[in-house]
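Convention: sequence-line order gives letters A, B, ...; per-chain numbering from 1. Just so it is clear, the structure is predicted and the values come from calculations on it, not from any experiment.
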Amino acid sequence: MHSRQTIIDKFSTFIQFDAERFHSWVKDGRLRRSIQSCINKNPEETSDDVWAIYWYKRWQKEQSSVAQQHLNAFLQEPCYWSSQKLAQSFSATQYSLADFFQIGITQVERILKGFNPSQGFVLKNYASTIFSSVIRETLRQRHEVDICSTWGMLRKTSQKRLIESLEAAGLSKETITNYTNAFNCYQLIYVPSQTNTSRKLARPDEKTWNAITKAYNMQAPSSKINAQTLESWMQTCASSIRNFLYPPVTSINAPTGSEDTYEIIDNIPSNENSPLLEIIAEEEQQARNSQLSEIGQVLVEAVHKLELEAQQILKLYYIQGLTQQQIAKKLDIPQYTVSRRLNKIREGLLKVVFTWSKEKLHITVTSDILKSMNSVIEQWLQVYYSSGAYVSN
Amino acid sequence: MLVINDLILEIPQQAFDEAWDSQVYSNPIARYQAYINELCLSSILPWLQQDLATQAKVFYNTTASPSFWELVNGTVINVDSIKIILVPQETIDLSELRVPQEWVDIPGLVGDYYLGVQVIPEDRCIRVWGYCTHLQLKMSGIYDSYTRTYAVDASNVNDINILTFAISSEFIEPTRAEVLPLPALSTTVAQNLITRLENADIVSPRLSIPFQTWGALIENGGWRRSLYQHRIGQPEQSIIEWLRNGVTQAAQQLGWSNLNLQHVGAARSIQQMAPTSILARQLTIAGQIYELRIIPQVNEEYTTWRFELSSGKVGIIPGGFKLRLLTEDLQAFPDNEDIATTATEHLFVEVALEPGEGIVWEIEPVPENYDQEILRF
């Protein structure tokens, strides 16, 4: 995959995969025209990070889908790199790089919702942290679900996930409420006896089905059901949950219009007259940049002070993209040791940034700021270890 | 969005082997709930005790936990004065942190932090995946009336390393929202409810009566414990019976024992009772051993009961200590309290009680593993 060079390309092209590999960058005509007209008004701005903030603020202000699509295009590369790193370490699975990319790129909206430029986030970096963690997390969930029986999986699903799955399956609101209530009765009443573990839970026996149905009917006096119905409801829930975890590959990543198509709504972006500078306070940006680099210094020092094993773990996690399990195997220590160390490391880095903020910035650190700091640290770790800067001491 | 920092902890082997049978519960549902909570607790405790950056004391109430587990999901642990509610689930997807209403809307049970834990018995481990504060639960949690739970979306759940940092540093934040007191229950109503809910076939007593009533019932430790005992078919015996037949096993677990004492000028014996038979319970207060005794004071027409607190080794009760008795619905009454204005040998309160009446004792400072218990006479 070759990186894009121009602002126009970065904000208006999408990856096309051929089988499992990168094939080419596909242009979207509408987006191209949109970004071109913005560039015409601000020809001197060449930093893609600044343009990213511009489109982010447009997205925030206007809730416009054009802004979101520009950012989707922009984030193709971070998503690709995150996917590639994980694909390398997960090489023995049935997943390809394209699969990982697909999982990641659905997160763009969530990324935008969590993005916080005033707290020192850089969109590319923040997005990378989310792509990595979501891909890993999705893989973990799929694996754990795959080794469950249907009945175990029903037990191990959250109400929120159930509702999302039923909504995605197109069920009516009323049906979803009924199914959810039945599901809660199922989870309440059908518990594993010690010899059946939850994971491989067998189909409930008739006595249990009757108990579940009875509990459901007690709370639904006007629309009682029988045990067979309830069981079929649970079957529907189970298949919806599985389908939700494996969404069909739609054209999430497809460009919205071909290169030549002209659409009337193309005019909307060019009606936006706010020059770039009004939207992004220049001094604010500079102050943020210098703050970020100071935090970076503080973090570099902190990381160098870590014990050798801790530094090793960080490298394996961030450079090679290994899972905790893989790291454990490589270092010949138990997984929970890796887990605890990682938590300790992150706790320690947070403490360092917290202390620095109090002393240098004289701010009161609130919970929200603390959370932002944590995210900035995560972003920094990703960048630090992928940049090769860790090599120099 | 939560950046998933997976904290996987091992469930210690011994705890894993023993958790299934460690206590008695009313039915398989309660028992499984207790099992999951025990596994969670036994994994979290050593992690906090070993990994926290401070010398904070990490502890939980051993006597109260089983009665909670019988009735509601969740475990309370304390890190010094910070209260953390563990909320174990088996859910694979970590889309939401769902907390039973009991831990959110009952003033006496509210915590500072709520920890989401996925328990995986099959792999003998747990996944501590995030936390939120009570404030967040009240402000951004969505209440579900069917399950009587509050759910916080994963996007509002925070990374664990922030919690471990926060509780072991000088970072402070408001953690609790205001919670209104629940309407008081009378003893009669409470006892009726306990009778109504004692049937182990009622799989979910917490959903069987209105929340306000339920909350008031279990906020009172004595009633909660009583409901638990009734549900497992071991309703607590009266003090008279303890004196006659020896304390029950449940009482022994609390630390009660029968004692025979030589009193100078002993009162005449009560029929069917050993002349100088009393009850004693050992307590640990601020690291020292004390003993609470219940001594029948027999008079011509009636018996009064003397609750006496004395010290174990040290022999002295420090100034500032208080011994207090309350009615079963936690009301004070005249002369129900003795305070050590200076260091003293004993604190005592004497009461005359009707048969069947219940008494709750309290001590300040609060003893370790203290849970209100109703002593019935």
Heavy-atom distance under 4.5 Å to chain B: side chain of Phe115(A), backbone, both or neither?
neither
What's the spacing between Ser169(B) OG and Phe354(A) CZ if we round to 0.5 Å?
5.5 Å
Hey, is CZ on Arg196(B) packed in by over 12 heavy atoms from elsewhere, all under 6.0 Å?
no
Picking from Lys113(A), Met153(A), Gln159(A), which has the most non-hydrogen pairs under 4.5 angstrom with chain B?
Gln159(A)
What pairs with Asp146(A) under salt bridge (charged side-chain N to carboxylate O under 4.0 Å, His left out), at least two apart in sequence or on another chain?
none
Rounded to the nearest 0.5 Å, what's the gap from CG on Asn184(A) to OG on Ser204(B)? Could you check?
10.5 Å
Contact part of Lys160(A) toward chain B, heavy-atom cut-off under 4.5 Å: side chain, backbone, both or neither?
both
Heavy-atom contact with chain B under 4.5 Å, split by part of Ile189(A)
both
Between Lys351(A) and Glu170(B), does any NZ, NE, NH1 or NH2 come within less than 4.0 Å of an OD or OE carboxylate oxygen?
no
More than 12 heavy atoms of other residues, nucleotides or ligands under 6.0 Å from CD of Glu173(B): is that the case?
yes
Proximal component of Gln187(A), with respect to chain B [non-hydrogen, under 4.5 Å]:
neither
Using non-hydrogen atoms only, which part of Thr366(A) is less than 4.5 Å away from chain B: side chain, backbone, both, or neither?
backbone
Against chain B, label Gln219(A) side chain, backbone, both or neither, depending on which of its atoms sit under 4.5 Å from a heavy atom there.
side chain
Check whether the side chains of Asn161(B) and Asn343(A) place a donor and an acceptor atom closer than 3.5 Å, and report yes or no.
no
For Thr164(B), which atoms come within 4.5 Å of any heavy atom of chain A: side chain, backbone, both, or neither?
both
For chain B, find which of Arg161(A), Arg155(A), Gln335(A), Arg136(A) contributes the most heavy-atom pairs closer than 4.5 angstrom.
Arg161(A)
Validation row: Tyr146(B), Cys185(A) side chains within 4.5 angstrom (heavy atoms):
yes
Determine whether more than 12 heavy atoms belonging to other residues, nucleotides or ligands lie under 6.0 Å from atom CD1 of Ile172(B).
no
If we ignore hydrogens and angles and just use 3.5 Å, is the side chain of Lys344(A) paired with the main-chain N or O of Asp51(B) as donor and acceptor?
yes
Can you check whether Ser168(B) reaches Glu347(A) side chain to side chain, under 4.5 Å on heavy atoms?
yes
Turns out that what part of Pro121(B) lies under 4.5 Å from chain A's heavy atoms comes down to neither
Counting only heavy atoms closer than 4.5 Å, note whether Ile120(B) contacts chain A via side chain, backbone, both or neither.
side chain
Counting only heavy atoms closer than 4.5 Å, note whether Thr133(B) contacts chain A via side chain, backbone, both or neither.
neither
Inspect the contact between Arg199(A) and Asp123(B) and indicate whether a charged nitrogen and a carboxylate oxygen are less than 4.0 angstrom apart.
yes
Side-chain touch Phe165(B)/Asn374(A), heavy atoms, less than 4.5 angstrom
no
Which atoms of Asp153(B) come close to chain A, meaning under 4.5 Å heavy atom to heavy atom: side chain ones, backbone ones, both, or neither?
side chain
As an exercise, state the distance from OH of Tyr336(A) to CZ of Arg124(B), rounded to the nearest 0.5 Å.
7.0 Å
Does the Arg110(A) side chain pair with the main chain of Ser155(B), one donor and one acceptor, at a distance under 3.5 Å?
no
Between atom CZ of Phe171(B) and atom CD1 of Ile369(A), what is the distance when rounded to the nearest 0.5 Å?
9.0 Å
Around Glu178(B), counting heavy atoms of other residues, nucleotides and ligands shown, do more than 12 lie under 6.0 Å from its CD?
no
Any donor-acceptor N or O pair under 3.5 Å, side chains Ser198(A), Tyr32(B)
yes
Examine whether an atom of Ser95(B) lies under 4.5 Å from a heavy atom of chain A, and if so say whether it belongs to the side chain, the backbone or both; otherwise answer neither.
both
Do Ser158(A) and Asp93(B) have side-chain N/O donor and acceptor atoms under 3.5 Å apart?
yes
Counting only heavy atoms not in Ile333(A), do more than 12 sit closer than 6.0 Å to its CD1 atom?
yes
Does the pair Arg140(A) and Leu94(B) meet the rule for a side chain to side chain contact (heavy atoms under 4.5 Å, CB included), with working shown?
CA-CA 11 Å; Arg140(A) 173 193 75 81; Leu94(B) 308 174; 3.5 Å; yes
Does the side chain to side chain contact (heavy atoms under 4.5 Å, CB included) test come out yes or no for Glu144(A) and Glu122(B), once each step is laid out?
CA-CA 11 Å; Glu144(A) 286 194 37; Glu122(B) 301 89 334; over 6 Å; no
Gln89(B) portion near chain A, given a 4.5 angstrom heavy-atom threshold
neither
Gln55(B) CD: over 12 foreign heavy atoms closer than 6.0 Å
no
Scored by heavy-atom pairs under 4.5 Å with chain A, the best of Thr91(B), Leu9(B), Ile92(B) is Ile92(B)
Using a strict 4.0 Å threshold on nitrogen-to-oxygen distance, state whether Arg340(A) and Glu10(B) make a salt bridge.
no
Give, as side chain, backbone, both or neither, the part of Asn181(A) having an atom under 4.5 angstrom from any heavy atom of chain B.
both
Please state whether the side chain, the backbone, both or neither of Leu342(A) comes within less than 4.5 Å of a heavy atom of chain B.
neither
Output, in order, the C-alpha distance, side-chain angles, deciding distance and verdict of side chain to side chain contact (heavy atoms under 4.5 Å, CB included) for Ile162(B) and Lys371(A).
CA-CA 7 Å; Ile162(B) 303 180; Lys371(A) 281 177 231 169; 3.9 Å; yes
Of the backbone (N, CA, C, O) and the side chain (C-beta and beyond), which part of Gln324(A) lies under 4.5 Å from a heavy atom of chain B, both, or neither?
side chain
